[in-house]
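Comments concern the structure below.
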Amino acid sequence: MPGFGHPVKCLYFVHQFIPDMGRAMLTHRHIEVFRAVMIAGSVTKAAELLGSSQPTVSRELARLEQGIGFALFDRVAGRLRPTMPGLALFDEVRQSYAGLERVSSAAARLRAYKGGQLSVIALPVFSHSILPEVFRRFHERHPGVSLALETQESPFLEEWLSAQRYDLGLTEHDAAPAGTRVELLLEVDEVCVLPDGHALLAKRRIELADFEGHAFVSLSSSDPYRIQIDEAFAESGVLRRSIVETPSAVSVCTFVRQGLGLAIVNPLTALDFVGRGLHIRPLARAFPFRISVVFPEHRPGNPLVGALMASLREAAQAAHGRLASRLD
């Protein structure tokens, strides 16, 4: 039936785990009937869903159970209740149909956005800092274009860009992955973030020595900025009280805002929290934070990339201005 797909994986599953079953005994129609009964909850409703009759669905379901050699449902007071093997088989069915549904959804999106489509991949930090403003600016000028955003950490981000899977990428690295070119979009210094009432708010610029003995909120130990910051403190002989480790700059700022300590984070994320229980101060020691745009060189050219780049440059310039005004 239309809409029910081609569940080849389900057939493979059954033949793998029920080797005695003859291959001709299980058909795509059996899988359709089984799925319809599981979704509808009864043979009568499944028949309506399939555009068939109740006796036909009951007969196909009985043939399926006979062929696989176990009951998919218990008949209790005239109602069907899935057995444990039935539930296990249905898990395989759902996974098989999920792929088809994703293809259908993609086709629907392409029909809906005839004005064009752009695919962007970025580090998670950019999905809540610079990219929302970029997308807003872009859509004001190109309302008919669909923007698809994927977030991924390194090194998978670079691998997917090398595979030419996206029109454009945003990263913190300067080196171009294979098959791409890189353009620096923005370079600013990381900042110190402090909660309301913190003693160091009296200072206009924070020295590394000022962190001595203070509670500190850190990024994860594998984060490259965390490694760079830890090395700087170790070289300076400054001891902080590290009380929280967390994987993202957003969560760092959230913990700082709750008064758990102070931290060093990228300024774009910090700007989103300023005025909401969090303050920023420049650091005497520079920790550069860079945003680079990555362009796949072998992917078919998308004429909308230039328009998105214009929005990226505008948003980067605006962010630089906001940061400068906060740190003056």
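Computed from a prediction, not measured in an experiment: that's the story for all the values here.
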Is there a side-chain contact between [X] and [Y] (heavy atoms, below 4.5 Å)?
X: I264; Y: F216; answer: yes
X: F211; Y: I206; answer: yes
X: L323; Y: I280; answer: yes
X: R326; Y: P267; answer: no
X: V252; Y: L219; answer: yes
X: L168; Y: F295; answer: yes
X: L123; Y: Q152; answer: no
X: L118; Y: F138; answer: yes

Determine whether a donor-acceptor pair (N or O, by modelled atom type, separation under 3.5 Å) exists between the side chain of [X] and the backbone of [Y].
X: Q164; Y: G179; value: yes
X: R75; Y: F73; value: yes
X: R299; Y: R165; value: yes
X: S236; Y: F233; value: no
X: S292; Y: H173; value: yes
X: S162; Y: A178; value: yes
X: T27; Y: H30; value: yes
X: R281; Y: L201; value: yes
X: E65; Y: L72; value: yes
X: T83; Y: A71; value: yes

Got a second to check how far [X]'s [atom1] is from [Y]'s [atom2], nearest 0.5 Å?
X: D167; Y: L304; atom1: CG; atom2: CG; value: 8.5 Å
X: C192; Y: F287; atom1: SG; atom2: CZ; value: 10.5 Å
X: S129; Y: I291; atom1: OG; atom2: CD1; value: 6.0 Å
X: F126; Y: L185; atom1: CZ; atom2: CG; value: 8.5 Å
X: E172; Y: D223; atom1: CD; atom2: CG; value: 7.0 Å
X: R29; Y: L50; atom1: CZ; atom2: CG; value: 5.0 Å

### Message
As a quick check of understanding, evaluate side chain to side chain contact (heavy atoms under 4.5 Å, CB included) for S311 and R141, giving each step before the final call.
### Response
CA-CA 10 Å; S311 296; R141 299 164 187 164; 3.8 Å; yes
### Task
Quick one: do V250 and F273 satisfy side chain to side chain contact (heavy atoms under 4.5 Å, CB included)? Show the steps, please.
CA-CA 9 Å; V250 168; F273 285 81; 4.1 Å; yes
### Query
Pairs in or reaching into residues 231-253: which pass salt bridge (charged side-chain N to carboxylate O under 4.0 Å, His left out), with residues at least two apart or in two chains?
R226-E245, D230-R240
### Task
Can you tell me which residue pairs pass the salt bridge (charged side-chain N to carboxylate O under 4.0 Å, His left out) test with a partner in residues 188-205, sequence neighbours excluded?
K203-D210
### Query
Do T254 and T246 pass the side chain to side chain contact (heavy atoms under 4.5 Å, CB included) test, and can you show the C-alpha distance, the side-chain angles, and the key distance before you say yes or no?
CA-CA 10 Å; T254 302; T246 186; over 6 Å; no
Shortest non-hydrogen contact between [X] and [Y], atoms and distance:
X: A176; Y: V182; answer: CA-CG2, 3.4 Å
X: A40; Y: A46; answer: CB-N, 3.5 Å
X: P195; Y: V256; answer: CB-O, 3.0 Å

## Note on the structure
Tested for side-chain contact (heavy atoms from CB on, under 4.5 Å) against V191, the lone hit among L327, V274, L268 is L327
### Message
I need the full list of side-chain hydrogen bond (donor to acceptor under 3.5 Å, both in side chains) pairs touching residues 256-273, with sequence neighbours left out, sorted by first then second residue.
### Response
N266-T269
### Task
Decide yes or no on side chain to side chain contact (heavy atoms under 4.5 Å, CB included) for L87 and M84, but give the supporting numbers first.
CA-CA 5 Å; L87 291 171; M84 289 303 295; 4.2 Å; yes
### Query
Between E32 and R35, is there a side-chain N and carboxylate O pair less than 4.0 Å apart?
no
### Query
Would H214 and H198 count as a close aromatic pair, with their ring centres under 6.0 Å?
yes
